[in-house]
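Remember, it's a predicted structure, so these values are computed and weren't measured experimentally. Quick note on labels: first sequence line is chain A, next is B, and so on, each numbered from 1.
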Protein chains: 2
Amino acid sequence: MTDDTPTAPEGRQSGTRQRIQQVALELFAEYGYDKTSLREIAERLGVTKAALYYHFKSKEAIIAAVFEEILEEMDGFIAWTKTQPRTSTARQQIAQRYVESSKGASSVMRLFQENGPAMRELKVGEQMRDRLIDLVNTLTPEHASVPDKLRIRIALFAVQLSRFSMQDVPVEELDAAIVEVVFELLDRVSWE
Amino acid sequence: MTDDTPTAPEGRQSGTRQRIQQVALELFAEYGYDKTSLREIAERLGVTKAALYYHFKSKEAIIAAVFEEILEEMDGFIAWTKTQPRTSTARQQIAQRYVESSKGASSVMRLFQENGPAMRELKVGEQMRDRLIDLVNTLTPEHASVPDKLRIRIALFAVQLSRFSMQDVPVEELDAAIVEVVFELLDRVSWE
DNA sequence: GTCTATAACACGATAGAC
DNA sequence: GTCTATCGTGTTATAGAC
């Protein structure tokens with residue numbers, strides 16, 4: 001039920017399709033997936049609900065398209081992570097790249113974090129959760145202590161948290177702070 | 001619109017009222033506030049929707065009752081925190097007591113964390129958010145650096161995060177781990 | 001590719017009997 | 001204190017004209 005467009009011209013951008021995704025992301029992130037109706041999306045675009053159904057076969061298909069790019073990016077990131085050695089310096093590089101790539105994904109990640117109940121019922125929710133678990137497992141040594149397991153989870157979560165909990169701070173300054181705190185968390189982990 | 005019962009016997013427990021709160025908390029935490037209908041709550045209790053409206057004047061009044069106890073507890077905790085000195089050891093004691101008292105509140109906190117869109121429209125959401133901000137501000141020194149601000153926020157949220165992200169670990173072991181990680185986060189903060 | 005119109009349904013909330 | 005029945009509204013989604 002999360003397939004692509006049903007009737008639109010086979011894989012090519014119609015333009016409207018992208019505008020729908022963009023507006024949908026804004027509204028989903030601000031008001032939540034459940035509380036954003038297709039009527040509201042259509043109104044903001046200056047079209048009717050029915051027009052949306054030409055481009056997407058369901059509401060879920062819209063959010064699937066919104067998540068698509070980030071999910072692919074995460075796949076690449078995780079695959080690269082798996083090739084990295086289990087050393088302290090390598091973990092630092094991973095953290096740095098994670099913070100960097102989280103910039104463009106902050107809206108989607110906020111949407112994912114704040115809409116737990118909806119994400120539990122959506123395919124994209126399961127896909128995102130699977131990747132985060134995979135990432136945590138990849139970073140966690142086989143026989144890590146409980147505090148170490150916690151440090152890794154907190155480090156990853158802190159990246160998202162800080163993005164929408166301290167929006168009053170300039171981006172570069174915030175990024176540097178995140179990297180600093182994440183580094184000192186991972187520094188305590190014994191990578192064995 | 002978040003008042004108490006409209007017709008029930010003035011402040012005393014009817015028994016049914018508490019059962020409604022208990023069932024509502026379970027369903028709200030598991031399926032979310034929006035996705036839990038009054039029909040489902042009523043069905044699980046073996047009564048009809050209309051019966052709920054004798055005990056609570058609205059759906060929002062139910063979740064208000066669910067949050068009531070924890071909100072009062074937080075008020076007490078924050079008031080106590082404000083009396084504590086701005087020393088490193090005092091912050092540690094605060095953290096320890098926060099971890100301790102978070103045990104009983106984990107369902108409500110999960111509900112709060114995972115239902116961002118709903119909490120933005122509910123009075124209890126605003127009340128809880130106000131208290132968390134108050135707590136962060138109370139703990140944060142006047143001219144704290146950005147990394148220090150981040151450390152304090154992360155420390156507080158890490159407590160909630162760990163509660164429902166590592167449910168496979170025994171509670172006592174998890175508690176000890178949380179305290180350890182939170183301590184080392186706060187240890188880095190310069191309290192001036 | 002967008003429209004009007006509507007189907008089918010669930011929701012929160014209320015009225016009034018018992 | 002709980003019931004049956006219903007009201008009014010909003011939702012996702014579809015049918016068919018243009």
Minimum-distance nucleotide to His55(B) side chain [options: dA13(C), dG1(D), dT12(D)]: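 Ranking dA13(C), dG1(D), dT12(D) by closest atom to the His55(B) side chain puts dG1(D) first.
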I want to verify a distance call: between dG12(C), dT14(D), dA13(D), whose nearest atom is closest to the Tyr53(B) side chain?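 From the listed options, dG12(C) comes nearest.
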Roughly how many Å is it from [atom1] in [X] to [atom2] in [N], rounded to a whole number?
{"X": "Lys59(B)", "N": "dT14(C)", "atom1": "NZ", "atom2": "C1'", "result": "17 Å"}
{"X": "Arg17(A)", "N": "dT2(C)", "atom1": "CZ", "atom2": "C1'", "result": "17 Å"}
{"X": "Tyr31(B)", "N": "dC11(C)", "atom1": "OH", "atom2": "C1'", "result": "19 Å"}
{"X": "Leu38(B)", "N": "dT9(D)", "atom1": "CG", "atom2": "P", "result": "19 Å"}
{"X": "Lys49(A)", "N": "dA15(D)", "atom1": "NZ", "atom2": "C1'", "result": "14 Å"}
{"X": "Glu121(A)", "N": "dT11(D)", "atom1": "CD", "atom2": "P", "result": "18 Å"}
{"X": "Glu43(A)", "N": "dC3(C)", "atom1": "CD", "atom2": "P", "result": "12 Å"}
{"X": "Lys57(B)", "N": "dG12(C)", "atom1": "NZ", "atom2": "P", "result": "17 Å"}

State plainly whether one hydrophobic cluster holds both Val47(B) and Val23(B), where clusters connect Ile, Leu, Val, Met, Phe, Trp and Tyr through side-chain heavy atoms under 4.5 angstrom apart.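 Linked within one cluster.
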So that I can tick it off, tell me whether Lys123(A) and Glu60(A) are bridged by a salt bridge, with the cut-off set at under 4.0 angstrom between side-chain N and carboxylate O.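 No, no charged N to carboxylate O under 4.0 Å.
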Any idea which heavy atoms bring Asp187(B) and Ser88(B) closest together, and the distance?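 Of all heavy-atom pairs spanning Asp187(B) and Ser88(B), the closest is OD1-OG, 3.9 Å.
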Less than 4.0 angstrom between a side-chain N/O of [X] and OP1 or OP2 of [N], yes or no?
{"X": "Tyr54(A)", "N": "dG1(C)", "result": "yes"}
{"X": "Thr48(B)", "N": "dC3(D)", "result": "yes"}
{"X": "Arg39(B)", "N": "dA10(C)", "result": "no"}
{"X": "Thr16(B)", "N": "dT2(D)", "result": "yes"}

Can you see whether Thr140(B) engages Lys149(B) through a side-chain donor-acceptor pair at a distance of less than 3.5 angstrom?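 There is no such pair between these side chains.
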Test side chain to side chain contact (heavy atoms under 4.5 Å, CB included) applied to Ile63(B) and Met119(B), step by step: CA-CA 10 Å; Ile63(B) 199 175; Met119(B) 291 302 143; 3.9 Å; yes
Hey, does Ser37(B) reach any base, or is it just sugar-phosphate, or nothing, if we go heavy atoms under 4.0 Å?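 It contacts sugar-phosphate atoms only.
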